[in-house]
Amino acid sequence: MQNMKKILRTILVAIVILLLSGYLAVTAVQDLTNKKDLHTVHLVFGTEFLELEHSINGLIPIGTDYYYLGIDEDYNAYTIRAGKNWKEENFSNFDPDAEEYTTVEITGLVKEISDYDVSKEIQSTAAELEEMEFPLGVTQCLELTYIKDAWMKLLAGILLLIVSIVGYAAHKLEIQVPKIASVIYGVVLLLEMILLLNAL
């Protein structure tokens, strides 16, 4: 009876790992091959909007999302998720008194903002910007980091399979693992946890 419980538990864990790895791989490939939701805009201005830090139990930082507000030539507004220095790299020399503005072309994957706090903050800001239109919708975001995010998802899925197989094999075969190998495995496992938390 005890052995049967162990077998069932092992099978259940294996199914969860396979489903999670499969989900990460499929969603990553979908993002990389999704041409339908790619959108290109020409912006004349961009500014910081929201910085959202992710952490484990509010103590260990594991990453930060940076949201910006972009304005195009027709005074349309777009919510943009990009890297930390995106505004400085593109609009550091912006002159509001210039007769003509230099446009910056960006292409991103349009996605629904899943984080409730971010969505609420954007809707609140949009309500104050009555003179502006949000062509993609207030809760839609142009993700400029979608390629990097997709590859991170793919890496997280592959690493999950590797650490699971290696860990199970070492336990099942009762292999005497050198201390350095245990340290490396622990580091890779920690890296996998961070990747998973950022990917999900």
Side-chain angles (χ1 to χ4, degrees), residues 24 27-28 30-156 190-191 193-200:
L24 291 169
T27 53
Q30 282 178 339
D31 284 351
L32 290 171
T33 58
N34 184 357
K35 305 301 180 188
K36 178 174 68 74
D37 293 320
L38 277 181
H39 196 80
T40 299
V41 295
H42 295 83
L43 304 177
V44 295
F45 178 66
T47 186
E48 295 96 345
F49 178 67
L50 189 64
E51 185 176 315
L52 183 66
E53 186 177 284
H54 302 284
S55 62
I56 301 174
N57 292 329
L59 297 173
I60 306 172
I62 59 172
T64 304
D65 286 334
Y66 299 93
Y67 290 88
Y68 302 86
L69 188 69
I71 311 297
D72 71 8
E73 298 166 293
D74 298 318
Y75 216 51
N76 293 317
Y78 300 87
T79 303
I80 298 159
R81 189 166 79 86
K84 181 179 180 180
N85 300 313
W86 181 78
K87 188 227 174 185
E88 286 74 17
E89 291 168 357
N90 293 282
F91 299 103
S92 58
N93 297 320
F94 176 76
D95 180 6
D97 298 321
E99 292 184 7
E100 290 186 5
Y101 298 134
T102 302
T103 60
V104 174
E105 181 181 287
I106 64 167
T107 299
L109 194 63
V110 180
K111 283 193 171 187
E112 184 78 20
I113 297 171
S114 57
D115 189 283
Y116 174 76
D117 291 331
V118 175
S119 181
K120 186 178 178 182
E121 185 71 24
I122 290 170
Q123 290 182 62
S124 175
T125 301
E128 297 173 6
L129 303 173
E130 296 178 357
E131 70 278 14
M132 288 188 186
E133 292 289 333
F134 282 75
L136 302 179
V138 175
T139 59
Q140 298 287 327
C141 177
L142 265 178
E143 294 205 351
L144 306 190
T145 59
Y146 75 96
I147 294 178
K148 182 199 77 172
D149 294 343
W151 281 109
M152 294 293 273
K153 274 187 181 181
L154 208 53
L155 178 60
L190 180 61
L191 174 63
M193 287 176 61
I194 293 171
L195 285 172
L196 274 177
L197 290 169
N198 277 292
L200 296 174

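Side-chain atoms are counted along with the backbone in the values below, which use heavy atoms only and exclude waters and symmetry mates. All figures in this text were calculated on a predicted structure; none of them were measured in a lab.
Across all their heavy atoms, Leu154 and Ala28 have their closest contact at N-CB, 4.0 Å. In terms of heavy-atom proximity, Cys141 sits nearest to Ile80 at SG-C, 4.0 Å. For the residue pair Gly108 and Leu142, the shortest heavy atom distance occurs at O-CD2, 3.5 Å. Of all heavy-atom pairs spanning Ala150 and Asp31, the tightest one is CB-CB, 4.2 Å. Shortest non-hydrogen contact noted between Ile122 and Ile113 is CD1-CD1, 3.2 Å.
Applying the side-chain contact (heavy atoms from CB on, under 4.5 Å) criterion to Asp117, with sequence neighbours excluded, gives Asp115. Here Asn90 pairs with Trp86, Val104 under the side-chain contact (heavy atoms from CB on, under 4.5 Å) rule; sequence neighbours left out. Among residues two or more places apart in sequence or in another chain, the side chain to side chain donor-acceptor pair (under 3.5 Å) test is passed with Glu112 by Thr139, Gln140. For Tyr66, the side-chain contact (heavy atoms from CB on, under 4.5 Å) partners at least two apart in sequence or on another chain are Glu51, Thr64, Tyr68, Lys84. Under the rule for a side-chain contact (heavy atoms from CB on, under 4.5 Å), the partners of Asp72 that lie at least two apart in sequence or sit in another chain are Leu43, Asp74, Asn76, Tyr78. Under the rule for a side chain to side chain donor-acceptor pair (under 3.5 Å), the partners of Gln123 that lie at least two apart in sequence or sit in another chain are Ser119.
With a 4.5 Å cut-off on side-chain heavy atoms, Thr79 and Tyr67 count as touching. For the pair Lys148/Glu143, no side-chain contact is recorded, criterion being any heavy-atom separation below 4.5 Å from C-beta on. Here the side chains of Tyr146 and Val110 are not in contact, with every heavy-atom distance at 4.5 Å or above. Between Leu155 and Trp151 there is no side-chain heavy-atom pair separated by less than 4.5 Å.
Here OG1 of Thr40 is found 7.0 Å from NE2 of His42. Values are rounded to the nearest 0.5 Å. Interatomic distance, Phe91 CZ to Ile71 CD1, rounded to the nearest 0.5 Å: 9.5 Å. To the nearest 0.5 Å, the span separating NZ on Lys153 from CG on Leu32 amounts to 10.0 Å.
A donor-acceptor pair under 3.5 Å is absent between the side-chain atoms of Ser124 and the main chain of Lys120, judged by distance alone.
Annotation: Glu133, atom CD; neighbour count of heavy atoms from other residues, nucleotides and ligands within 6.0 Å does not exceed 12.
The pair Asp149-Lys111 does not count as a salt bridge, with every side-chain nitrogen at least 4.0 angstrom from each carboxylate oxygen.
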